[in-house]
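Since the model is a prediction, treat every value here as computed from it, not as a measurement. One-based numbering, in listed order, for ligands and for the atoms of each. All residue numbers in this chain count up from 1 along the given sequence. No hydrogens, no waters, no symmetry mates; every other heavy atom, side chains included, goes into these values.
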Amino acid sequence: MSEEFVLKKKLNHVAFIMDGNGRWANLRGLPRHLGHKEACRRLIEIYDLCREFNIKYASFYAFSTENWNRPQDEIDHLMDYLEEFFHREIDYIMKTGGKVVVSGDLSRIREQTRKVCYEAIEMTKNNTSCVFNVCLNYGGRDEIVRATKKFAEAYKNGEAKLEDLDEQAFKNYLWQPEMPDVDLMIRTSGEQRLSNYMLYENAYAEFVFTDVKWPDFRRKAFIDCLKEYQNRNRRYGGLKNE
Ligand code: IPE
Ligand code: IPE
Ligand code: MG
């Protein structure tokens with residue numbers, strides 16, 4: 001029987017660093033890319049769990065600006081599986097009111113993957129139940145540098161004033177301005193670092209690290225993370241516990 005769990009703490013935005021695919025495959029004597037294949041199966045399951053727990057925004061780190069350092073063959077497989085994922089699940093995401101958005105520079109992503117992403121974004125753009133943010137060719141520093149350039153451009157054109165720029169207004173120049181700050185950042189596979197993920201948005205996130213590798217990250221593992229989050233005291237520099 002699947003575990004009952006009621007999430008009582010406010011959780012608008014959960015962000016995942018989906019790590020450990022290669023090690024998952026290695027442990028089974030499989031090629032690394034089959035870890036990525038299995039990983040893509042978890043995406044829709046976790047999306048469903050987010051909806052079940054009424055989490056409105058979910059971000060998934062699928063490919064970092066540093067992942068270009070991997071062998072081309074592995075990158076190609078990753079893109080294949082991402083395309084397969086969208087072909088397989090887009091109707092379901094649409095039916096359940098999910099809205100696909102992408103954070104990251106798609107111009108460097110190969111054409112057919114880019115096309116599938118744009119189609120998913122376009123098809124689901126008016127949906128409101130859960131925002132499914134795929135971070136693709138995403139880097140936190142890259143996002144901040146681009147945001148700075150976008151602001152500079154707007155300033156130069158007289159569309160933005162220096163005195164109006166504050167922490168909130170700066171967010172308008174990030175990839176997904178409508179997404180709230182990350183409340184919970186989960187990294188799988190035991191690594192305890194950010195690897196350039198959502199540096200601006202994670203400023204006050206709770207971090208939960210689990211040893212479970214992403215291809216094994218299912219309902220129970222997710223609920224364990226939510227329980228840990230629920231027990232945290234969020235003080236935001238003050239004294240009250242939220
Ligand atoms: C995460 O799994 C997926 C991506 C980075 C694209 P890894 O491929 O990093 O798996 P490990 O860390 O080598 O096990
Ligand atoms: C982070 O995982 C990027 C993604 C999950 C897409 P990595 O496996 O690339 O990170 P490092 O190399 O261990 O920092
Ligand atoms: Mg890794």
Quick test of your reading of the model: are Glu242 and Lys240 salt-bridged, counting only N-O distances below 4.0 Å? yes
Present, as a list of atom pairs with distances to 0.1 Å, all nitrogen or oxygen contacts under 3.5 Å between ligand 2 and the protein.
residue  : atom   : partner : partner atom : Å
ligand 2 : 8 (O)  : Asp19   : OD1          : 3.2
ligand 2 : 8 (O)  : Arg70   : NH2          : 3.3
ligand 2 : 9 (O)  : Asn67   : ND2          : 2.9
ligand 2 : 9 (O)  : Arg70   : NH2          : 3.3
ligand 2 : 10 (O) : Arg187  : NH2          : 3.3
ligand 2 : 10 (O) : Ser195  : OG           : 3.4
ligand 2 : 13 (O) : Arg193  : NH2          : 2.7
ligand 2 : 14 (O) : Arg193  : NE           : 2.9
ligand 2 : 14 (O) : Ser195  : OG           : 2.6

Is a side-chain donor-acceptor pair under 3.5 Å present for Arg187 with Ser195? yes
Measure centre to centre between the rings of Tyr197 and Phe207, then say whether the value is under 6.0 Å. no
Ring centroid separation Tyr47 to Phe60 under 6.0 Å: no
Distance under 4.0 Å to a non-hydrogen atom of His36: what atoms of ligand 1 satisfy this? 3 (C), 8 (O)
For residues Asn196 and Glu66, is any side-chain donor paired with an opposing acceptor at under 3.5 Å? yes
Only one of Phe5, Tyr229, Phe16, Trp214 forms a ring-ring contact (aromatic ring centres under 6.0 Å, His included) with Phe222, so which one is it? Phe16
Just to verify, what does Tyr200 make a ring-ring contact (aromatic ring centres under 6.0 Å, His included) with, not counting sequence neighbours? Phe170
Could you enumerate the protein N, O or S atoms under 2.8 Å from the Mg ion (ligand 3), written like residue then atom name? Asp19 OD1
Quick check on side chain to side chain contact (heavy atoms under 4.5 Å, CB included): which of Leu49, Ile44, Leu43 does Ile46 satisfy it with? Leu49
Under a plain distance cut-off of 3.5 Å, with no hydrogens placed, do Trp68 and Asn137 share a side-chain donor-acceptor pair? yes
Listed partners of Lys10 passing salt bridge (Lys or Arg N to Asp or Glu O under 4.0 Å), at least two apart: Asp183
